[in-house]
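Worksheet for the structure shown next.
So you know, we letter chains A, B, ... as the sequences are listed, proteins then strands, and number each from 1.
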There are 2 protein chains.
Amino acid sequence: MPTPERTSLEEIVRAARDLLESSGHEGLTMQAVAHRVGVRAPSLYKRVRNRGDLVALVADATLRELGARVEAAATHADDDPRLALARLVRAGRDFARERPAGFRLILAPGTDLRLDPASLEAASAPVLRVAARLAGEERVLDAARTFTAWATGFVSMELAGAFRLGGEVERAFEFGLDRLCHALAIPAS
Amino acid sequence: MPTPERTSLEEIVRAARDLLESSGHEGLTMQAVAHRVGVRAPSLYKRVRNRGDLVALVADATLRELGARVEAAATHADDDPRLALARLVRAGRDFARERPAGFRLILAPGTDLRLDPASLEAASAPVLRVAARLAGEERVLDAARTFTAWATGFVSMELAGAFRLGGEVERAFEFGLDRLCHALAIPAS
DNA sequence: TGAAGTAGCTATGGTCAATAGCTTAGGATG
DNA sequence: CATCCTAAGCTATTGACCATAGCTACTTCA
């Protein structure tokens, strides 16, 4: 039997995620992570291949948490798909505000970073499920993608500060959500 | 009169942009840029404060080029706003495919990076102009933002490889564009 | 008690950002 | 023409960080 782990991989990833949010992508150094875990930097390489690997783990953990949040928002069991979609996107917005740096990591992953397809699947499944309930929509996949595109674009714009005043954000959100729902519920003319 | 510049700032930024696309964000080192320009690394600091500054210049140059492309796509002088919007988004998609790394830089700028508001303004103005011509739409700003959100989200998804097969991309694009145009041309009920 | 495996450490090498200080070229000025 | 002076570029250096090598000590199991 192997020796029980003193410093678990989960602990390292958690420290790395916190550090990413507090110090940015540049501040996410092996030394800083190690210090936060209470260990010296080289010890991390017993659990992680290199820094890129750690960043990938951070990205995947973040993506999975986003998926869980969206999933939780989807399981509210009310009939109105519009409200369900609104909750889904709000879950994404809240998450992006809580972990902006992590969100950026999964929003625009570098060429080197490969997100786990299973995690992506899990995160996008709820939208697909709700979209399937949209009245009059037969092209469910395309509808879900259109909605997801708007939602991610909106959140990324909000994150980048594209909306100056706070009130404008909500107005723009309600507007976009309303129009998207109309557009996707009404069959192509 | 000052001595004429041997190595211009434009030359440096151009080299940095090319390097960003060929070697990624990590490969964009001062040494690599200097070597490409035909100079030693410390000499760059005569033109640029630090690496972050150079990245900001790269981002701004990329954003301005995107703006110019979108602007060019908008000045086609045909009456159909739908075709105009299609050309706008296609210009963005083409650009994102040509300079994916640069596009990511302006899509999800890090917390440290501040994009020039004027450049952002110039890049988003064409959409606003076309949106203003949409029949029956009075909330022009919100409409433009909704459209822009969908477009950026779509491009970022395409860039991240969210669409498996090539054909699916075009189908999803046509679908989303069609629905968005319908949604934004029809006044809220 | 002895063997084995493993967590963590120190020491080290290599890359890169950034600064200090020097050298030199080339125009401006007398 | 001689001189100055600005600025471009260089070498040398420091400090941060990633990553590996190799050692020590502890835990578990026979």
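- Qualifying ring-ring contact (aromatic ring centres under 6.0 Å, His included) partners for A/Phe103, counting only residues two or more places apart in sequence or in other chains: none.
- Taking the ring-ring contact (aromatic ring centres under 6.0 Å, His included) definition, one finds that B/Phe175 meets it with nothing, sequence neighbours left out.
- Remark: P of C/dC22 and NZ of B/Lys46 are 13 Å apart, rounded to the nearest angstrom.
- Residues passing the salt bridge (charged side-chain N to carboxylate O under 4.0 Å, His left out) test with A/Arg97 are A/Asp94, A/Glu158, sequence neighbours excluded.
- Distances shorter than 4.0 Å separate none of the side-chain N or O atoms of A/Arg6 from OP1 or OP2 on D/dC26.
- When rounded to the nearest whole Å, the span between CD of B/Glu11 and P of D/dA8 equals 13 Å.
- Between B/Thr7 and the phosphate of D/dG9, there is a side-chain N or O to OP1/OP2 separation shorter than 4.0 Å.
- Screening residues 12-32 of chain B for salt bridge (charged side-chain N to carboxylate O under 4.0 Å, His left out), with sequence neighbours left out, gives B/Arg17-B/Glu65, B/Asp18-B/Arg99.
- Not one side-chain nitrogen or oxygen of B/Ser43 sits closer than 4.0 Å to the OP1 or OP2 atom of D/dA8.
- For the salt bridge (charged side-chain N to carboxylate O under 4.0 Å, His left out) test, residues two or more places apart in sequence or in another chain that qualify with A/Arg90 are A/Glu170, A/Glu174.
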Could you list, one pair per line, each protein nitrogen or oxygen that sits under 3.5 Å from a nitrogen or oxygen of nucleotides 16-19 of chain C, together with the distance?
{"unit_1": "C/dA17", "atom_1": "OP1", "unit_2": "B/Met30", "atom_2": "N", "d": "3.1"}
{"unit_1": "C/dA17", "atom_1": "OP2", "unit_2": "B/Met30", "atom_2": "N", "d": "3.1"}
{"unit_1": "C/dA18", "atom_1": "OP2", "unit_2": "B/Tyr45", "atom_2": "OH", "d": "3.1"}
{"unit_1": "C/dA18", "atom_1": "OP2", "unit_2": "B/Arg51", "atom_2": "N", "d": "2.8"}

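- Side-chain rings of A/Phe163 and A/Phe173 stay apart, their centers remaining 6.0 Å or farther from each other.
- Atom P of nucleotide C/dG8 and atom CG of A/Leu9 are separated by 12 Å, given to the nearest angstrom.
- Rounded to whole angstrom, the span from the CZ atom of B/Arg47 across to the P atom of D/dC10 amounts to 12 Å.
- Between B/Arg40 atom CZ and D/dA12 atom P the separation is 10 Å, expressed in whole Å.
- To the nearest angstrom, P of D/dC18 lies 14 Å from CG of A/Asp53.
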